[in-house]
Amino acid sequence: MIDPKLLRSDAVGVASNLARRGFAFDADAYLALEDKRKTLQVDTESLQSERNKSAKRIGQAKAKGEDIEPLLAAVNDLGARLEAAEASLQSVQTELRDIELGLPNLLSDDVPDGDSEDDNVELRRWGSVPEFAFEAKDHIELGEALGGLDFDTAAKVSGARFAVMQGGLARLQRALIQFMLDTHTSEHGYQETYVPYLVHAHALEGTGQLPKFEADLFKTTTERPYYLIPTAEVPLTNLGRDRIFEAEDLPLRLTAHTPCFRSEAGSHGQDTRGMIRQHQFEKVELVHLVNANESKDALEAMTAHAETILQRLELPYRVVALCAGDIGFGATRTYDLEVWLPGQQRYREISSCSNCNDFQARRMKGRVRNAETGKPELLHTLNGSGVAAGRALIAVLENYQNEDGSVRVPDVLKPYMGGIGTIA
RNA sequence: GGAGAGAUGGCUGAGUGGUCGAAAGCGCUCCCCUGCUAAGGGAGUAUACGUUAAUAGCGUAUCGAGGGUUCGAAUCCCUCUCUCUCCGCCA
């Protein structure tokens with residue numbers, strides 16, 4: 001959520017920032033509603049004040065044994081007036097909040113202009129794209145030939161956009177996950193965390209998936225619905241919900257491996273083949289909870305942590321800064337890591353690292369006590385993939401393939417594979 | 001799933017309709033006293049929102065959440081959530 005005070009004081013400035021994303025914010029309509037709120041709130045609170053005073057007077061009179069009838073008569077219609085005022089105030093406040101919850105985060109000034117992913121700006125490349133003396137296969141062909149990747153059976157069980165993996169491939173994915181968690185916890189200072197995979201709506205509202213993107217989520221039909229997490233960002237970031245951290249508790253670096261569930265509504269026809277875009281996939285997530293002045297640096301650090309994974313795996317990748325039109329709802333600045341996929345002859349997203357500044361913290365009331373003033377302030381949150389395991393598996397298969405269709409195991413994964421050097 | 005007990009400020013814990021935003025203790029901050037330490041005395045110490053130049057005043061809200069009764073609710077009623085104990089079941 002954008003600071004309501006900023007919305008009031010500079011609605012036009014906010015509108016022009018959001019326009020860079022292609023988001024239309026009607027500043028005039030918002031300010032008109034704001035004026036209405038102000039009047040109603042002042043009226044309502046003065047009625048409340050009146051009620052409180054007379055209630056107190058009645059109490060004192062009664063204590064002295066005086067006749068309270070005339071006092072009661074004087075407040076006769078106050079209740080009805082107050083009720084009406086409270087009702088209209090609440091309806092305006094709900095309306096305002098609905099608008100506020102629907103506004104994406106303000107973009108950082110250094111976000112490049114642009115409308116789509118074509119306008120993202122490449123910052124750097126790492127590694128060299130492999131040259132094969134034969135025609136490189138894609139992960140589907142490789143996986144199915146190895147006998148460990150089965151979309152047909154998955155379709156029988158669960159339909160499209162699911163995969164069954166067995167044997168060496170299943171183990172390879174597990175090895176990737178273990179390797180990532182171990183690296184982040186032992187070298188990058190992250191705390192390994194186990195989190196619920198089903199969460200309540202308020203958690204998703206805190207991170208920004210709700211109320212706007214309900215269609216992207218899977219939801220249970222239980223009496224009180226649960227949502228399947230679309231990313232571990234949701235439970236991890238919400239660990240800071242309704243909390244006031246002491247300054248020395250931060251920064252907090254959290255990591256978790258979870259499955260992620262996405263309905264992929266609206267992505268029909270995209271990446272229907274293979275494991276690129278699934279309803280269920282594994283990911284190792286990184287989350288930082290930091291002091292407000294630390295988030296800019298934290299984004300660079302987090303991105304470097306994700307890059308370390310790809311470097312150790314010796315997978316060629318590039319880093320791009322997402323442009324205004326491609327950046328996510330809650331982010332003020334985002335770097336994507338894109339790994340080279342020989343089967344597609346292009347770079348594909350494998351990690352997305354975002355600084356959300358106080359956008360999520362305000363929604364979930366995550367705060368930190370200022371060491372000097374002693375006052376609670378909103379903390380800043382960041383999240384990033386460190387990295388997507390399913391896509392890392394694809395990248396390993398395609399980049400480490402041999403001519404005969406076997407796949408070499410990256411050196412750093414061998415300890416996790418029982419020393420196996422090749423999957424055949 | 002059955003039965004019962006709870007949820008109050010940073011913590012412990014009082015408070016069953018009327019100056020209660022809330023006793024007391026602990027903790028913390030500042031001051032005083034005491035030639036270090038310890039002990040003692042005093043003052044202060046929630047959050048959000050509104051108004052405002054103001055983190056000065058003033059006002060409003062908040063005692064798990066939501067609703068209700070009432071002139072007035074931490075206190076009474078209803079619903080929900082969570083925690084604890086016992087029984088059952090279970091990886």
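Every heavy atom of this structure was used, including side-chain atoms; hydrogens, water molecules and symmetry mates were not. So you know, we letter chains A, B, ... as the sequences are listed, proteins then strands, and number each from 1.
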Go ahead and name the base partner of [N]; Watson-Crick or wobble counts if both distances stay under 3.5 Å, otherwise write none.
N	result
B/U52	none
B/A91	none
B/A61	B/U47
B/G35	none
B/U75	none
B/A5	B/U83
B/U69	none
B/A24	B/U12

In whole angstrom, give me the gap between the [atom1] atoms of [N] and [M].
N	M	atom1	result
B/C76	B/A24	P	23 Å
B/G68	B/U12	C1'	33 Å
B/A61	B/G66	C1'	15 Å
B/A43	B/A38	C1'	23 Å
B/U83	B/U8	C1'	15 Å
B/U75	B/G6	C1'	16 Å
B/G15	B/G57	P	34 Å
B/A23	B/A91	C1'	49 Å

Checklist entry - With distance as the sole criterion, do the side chain of A/K62 and the base of B/G18 form a donor-acceptor contact below 3.5 Å? => result yes

Item to check | Base B/G59 paired with A/E45 side chain (donor-acceptor, <3.5 Å) | outcome: yes

Next on the checklist: If you assign A/K56 and A/P376 each to the RNA chain B nucleotide with the nearest heavy atom, which residue ends up on the more 5' nucleotide?
Outcome noted: A/K56

Next on the checklist: If you assign A/R8 and A/H200 each to the RNA chain B nucleotide with the nearest heavy atom, which residue ends up on the more 5' nucleotide?
Outcome noted: A/R8

Find the distance [X]:[atom1] to [N]:[atom2] and express it as a whole number of Å.
X	N	atom1	atom2	result
A/K5	B/U52	NZ	P	13 Å
A/R369	B/G10	CZ	P	8 Å
A/E83	B/G72	CD	P	10 Å
A/E377	B/U55	CD	P	14 Å
A/R243	B/C11	CZ	P	12 Å
A/K365	B/U62	NZ	C1'	11 Å
A/L40	B/C49	CG	C1'	15 Å
A/L96	B/A48	CG	C1'	17 Å

Checklist entry - Is it true that a side-chain atom of A/T39 and a backbone atom of A/D35 form a donor plus acceptor pair closer than 3.5 Å? => result yes

Checklist entry - Hey, is the main chain of A/E141 close enough, under 3.5 Å, to the side chain of A/D138 for a donor-acceptor pair? => result yes

For [N] and [X] - does any side-chain N or O of the residue sit under 4.0 Å from the phosphate oxygens OP1/OP2?
X	N	value
A/S54	B/C71	no
A/R37	B/U51	yes
A/R81	B/C71	no
A/R51	B/A73	no
A/R367	B/A48	yes
A/K38	B/U51	yes
A/N52	B/C71	no

Among [options], find the nucleotide with the atom closest to the side chain of [X].
X	options	answer
A/A55	B/U60, B/U19, B/G18	B/G18
A/Q48	B/A61, B/U51, B/C49	B/A61
A/K375	B/C49, B/U47, B/A61	B/U47

Next on the checklist: If we count only N and O atoms by modelled type, under 3.5 Å, do the side chains of A/T258 and A/K283 hold a donor and an acceptor together?
Outcome noted: no

Next on the checklist: Below 30° counts as parallel, above 60° as perpendicular, anything between as tilted: where do the rings of A/Y190 and A/H288 land?
Outcome noted: tilted

Checklist entry - How are the rings of A/F162 and A/H279 set relative to one another: parallel (under 30°), tilted (30 to 60°) or perpendicular (over 60°)? => result tilted

Next on the checklist: I'd like to know whether A/R369 forms a salt bridge (charged side-chain N to carboxylate O under 4.0 Å, His left out) with A/E246, so could you lay out the CA-CA distance, the side-chain angles of the two residues, the decisive distance to 0.1 Å, and finally the verdict.
Outcome noted: CA-CA 5 Å; A/R369 196 174 296 283; A/E246 296 305 321; 3.6 Å; yes

Checklist entry - How about A/F218 and A/Y227: are their ring centroids closer than 6.0 Å? => result no

Checklist entry - Considering the options A/R174, A/Q173, A/R391, A/H257, which one meets the side-chain hydrogen bond (donor to acceptor under 3.5 Å, both in side chains) requirement together with A/E282? => result A/H257

